[in-house]
Amino acid sequence: MQTPIISSLLDTDAYKLNMQQAIYHHYPDVIASAEFHCRSNESLSALKERIESEIEALSALHFTSDELDYLSILGLYQSDYLEFLSSFTLNKDQVTVSISDNQLAIHIEGKWLDIILWEVPLLAIICELRCHEKYPNSGPEDAVNLLKSKLASLSVADTNKGFQFVDFGTRRRFSKAVHHAIVDHLVHHSAHFGGTSNLLLAMQYGIPAVGTQAHEWFQAHQQLTGDLADSQQLALNRWLQEYPNTLGIALTDCINMDAFLKDFTPHLSHQFSGLRHDSGDPIAWGEKAIAHYESLSINPMEKTLIFSDGLTIDKALNIHQHFCGRINTSFGIGTQLTCHLPDVETLNIVIKLVSCNGKPVAKISDEPGKSICRDNEYLDALRKAFNI
């Protein structure tokens, strides 16, 4: 086998460890399952054997002492969780790779605590194998040259004061080499670059590691609550219990923004430092957020909106200009940062939670194409619980 694509368990998104610590303290024995979905019209079945080899290599990795030392100084992770990480490994037996209807199928199942770290490296592996096969002559230099032209147009704008974006591109990057080259260039050449979701790159470059929680946090709580309608409030309150003074950005679109705001009580609205957008019209969403804060006599300028849905630098700047002076903004740019090369078609793939303790969970979102659930009866119950 060639050199494995992933060589560090820290080569993942920060929100995965944030959630894993919360799971470790509150739900250590919960069982969950997740599945791979390719939203692009592209068959990836030819990658099966190479993916399985990469899974084998992933299962041999441990957190190093230097990585654990880095995590310990972030001020987020408690000593018992770091002790747990010191002996943590990914279990390859939890992952099944197969071909169904000529499409790649991946199923992951086990303790939620253990399987949560599979998603990001697996997606990065699939993207890199596919891009290497499809675009063998493209690489870091092409990506950086294209980025330079984007940054040049950004630098001459008069209305970009306070504009900040971060790298959210680990999961769908062209390759690890491209990802590292992009972040390296941004660190040295862009005053608008504010950090990365990737813990390994954050450690290597001494930049902020950015992220709070993902959809799976809210999905799992659909089966961890007595009443389905209470699941979002339970998820939010449990998060505050784990992180009372940090990581205060809440993701809003597991159900949809309207349902979220109904659950975002005055107490929660004050306690959380802001909200993250990941589906639907970003302007309409941001206006709803501002109106919600103002209805509670909360100054929107004390809060932050994070936008992370299919952004380019240009799209992010337009959103920033719309809300400038009304509420703080920041932007997580993923695929269009780390898989943005000439003549390269990006791949839209996800791994999402599908069950918790043997029962279905779902994501509805503010954008129909991002909804995920194969159990229509459960989906109907979820819609009923949140009056959708």
Side-chain angles (χ1 to χ4, degrees), residues 2-6 11 13 36-51 54 102-104 106 120-157 160 163 165-190 192-193 196-198 201 278-279 282 307-319 331-351 367 369-370:
Q2 296 179 339
T3 303
I5 290 172
I6 305 295
D11 191 1
D13 285 333
F36 170 81
H37 298 263
C38 180
R39 295 168 176 163
S40 303
N41 185 25
E42 186 173 335
S43 175
L44 303 169
S45 57
L47 303 178
K48 178 178 179 292
E49 290 185 6
R50 281 177 288 175
I51 292 169
E54 294 288 345
N102 199 37
Q103 293 292 332
L104 181 69
I106 299 176
V120 176
L122 267 180
L123 291 175
I125 285 166
I126 293 167
C127 284
E128 181 156 349
L129 290 173
R130 173 261 189 182
C131 288
H132 178 74
E133 184 77 21
K134 200 166 183 178
Y135 308 103
N137 298 318
S138 297
E141 186 176 354
D142 304 296
V144 171
N145 285 338
L146 203 53
L147 176 64
K148 286 178 181 178
S149 66
K150 293 293 182 183
L151 293 178
S153 65
L154 176 62
S155 64
V156 298
N160 60 10
F163 175 62
F165 67 92
V166 299
D167 155 47
F168 270 20
T170 305
R171 296 178 303 154
R172 300 183 190 130
R173 63 194 183 191
F174 183 91
S175 67
K176 181 167 66 175
V178 163
H179 192 188
H180 284 232
I182 289 292
V183 169
D184 182 79
H185 186 81
L186 289 169
V187 166
H188 293 103
H189 299 284
S190 178
H192 300 286
F193 184 58
T196 176
S197 63
N198 185 286
L201 287 168
D278 200 47
S279 65
F307 296 84
S308 61
D309 179 30
L311 294 178
T312 63
I313 289 176
D314 290 340
K315 285 181 182 177
L317 185 58
N318 287 336
I319 297 169
F331 302 86
I333 306 180
T335 310
Q336 293 301 318
L337 197 61
T338 61
C339 195
H340 188 46
L341 291 80
D343 303 317
V344 168
E345 186 178 348
T346 58
L347 186 65
N348 190 347
I349 55 175
V350 296
I351 292 175
E367 190 174 322
K370 287 192 167 187

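What you see is a predicted model, and the numbers here were worked out from it, not measured in a lab. Side chains included, hydrogens not; waters and symmetry mates left out as well; all remaining heavy atoms used.
A donor-acceptor pair shorter than 3.5 Å can be found between the side chains of Asp167 and His179. Residues Ser308 and Asp278 bring a donor and an acceptor atom of their side chains to less than 3.5 Å of each other. Counted by atom type alone, Thr170 and Asn198 present one or more donor-acceptor pairs between their side chains at under 3.5 Å.
Under the 4.5 Å side-chain criterion, counting only non-hydrogen atoms from C-beta, Ile333 is not in contact with Phe168. Side-chain contact between Val178 and Ser138: absent, with no pair of heavy atoms (C-beta onward) separated by less than 4.5 Å. Residues Leu186 and Leu337 are in side-chain contact: their nearest non-hydrogen atoms beyond the backbone lie under 4.5 Å apart. Between Asp314 and Lys150, the closest side-chain pair of non-hydrogen atoms falls below 4.5 Å. With a 4.5 Å cut-off on side-chain heavy atoms, Thr338 and Val183 do not count as touching.
Taking a 6.0 Å sphere around NE2 of His132, one finds it holds 12 or fewer heavy atoms contributed by other residues, nucleotides or ligands. Within 6.0 Å of the CD atom in Glu42, the count of heavy atoms belonging to other residues, nucleotides or ligands exceeds 12. More than 12 non-hydrogen atoms from other residues, nucleotides or ligands lie less than 6.0 angstrom from CD of Gln103.
Residues Ser40 and Asn348 come closest through the heavy atom pair OG-N, 2.8 Å. Between Cys127 and Arg172, the shortest heavy-atom contact is SG-CA, 3.5 Å. A pairwise comparison of heavy atoms in Phe307 and Pro282 identifies CE2-O, 3.5 Å as the closest pair. Closest non-hydrogen pair, Ser197 versus Gly169, comes out as OG-N, 4.4 Å. The two residues Gly332 and Leu311 have their closest heavy-atom pair at O-CD1, 3.8 Å. The minimum heavy-atom distance linking Asp343 with Tyr135 is given by the pair O-CE2, 3.4 Å.
With salt bridges taken as basic N to acidic carboxylate O contacts below 4.0 Å, none links Glu128 and Arg50. Using a 4.0 Å cut-off between charged side-chain N and carboxylate O, Asp11 and Arg173 make a salt bridge.
Annotation: the span from Asp309 atom CG to Ser279 atom OG amounts to 6.0 Å, rounded to 0.5 Å. With rounding to the nearest 0.5 angstrom, the CD1 atom of Ile182 is 10.5 Å from the SG atom of Cys339. Once rounded to the nearest 0.5 Å, the distance linking CG of Asp13 with CZ of Arg171 reads 6.5 Å. One distance of note links CG of Leu129 with CG of Leu44; it measures 10.0 Å at 0.5 Å rounding. The structure places NZ of Lys134 at 11.0 Å from CZ of Phe174, a figure rounded to the nearest 0.5 Å. With values rounded to the nearest 0.5 angstrom, Leu123 atom CG is found 7.0 Å from Phe36 atom CZ.
Aromatic rings from Phe163 and Phe331 are positioned such that their centres are separated by under 6.0 Å.
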With side chain to side chain contact (heavy atoms under 4.5 Å, CB included) as the test, would you mind laying out the steps for Ser43 and Leu104 before giving the verdict? CA-CA 7 Å; Ser43 175; Leu104 181 69; over 6 Å; no

Working note: Ile106 + Ile126, criterion side chain to side chain contact (heavy atoms under 4.5 Å, CB included); need CA distance, chi angles, decisive distance, verdict. CA-CA 11 Å; Ile106 299 176; Ile126 293 167; 3.7 Å; yes

Going through the checks in order, is the side chain to side chain contact (heavy atoms under 4.5 Å, CB included) test met by Arg130 and Ile349? CA-CA 12 Å; Arg130 173 261 189 182; Ile349 55 175; over 6 Å; no

Report the C-alpha separation of Leu122 and Ile6 in whole Å, then their side-chain angles, then the decisive distance to 0.1 Å, and conclude whether the side chain to side chain contact (heavy atoms under 4.5 Å, CB included) test is met. CA-CA 9 Å; Leu122 267 180; Ile6 305 295; over 6 Å; no

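Judged by distance alone, with hydrogens and angles left aside, the side-chain atoms of Asn145 form no donor-acceptor pair with the main-chain N or O of Asp142 at under 3.5 Å.
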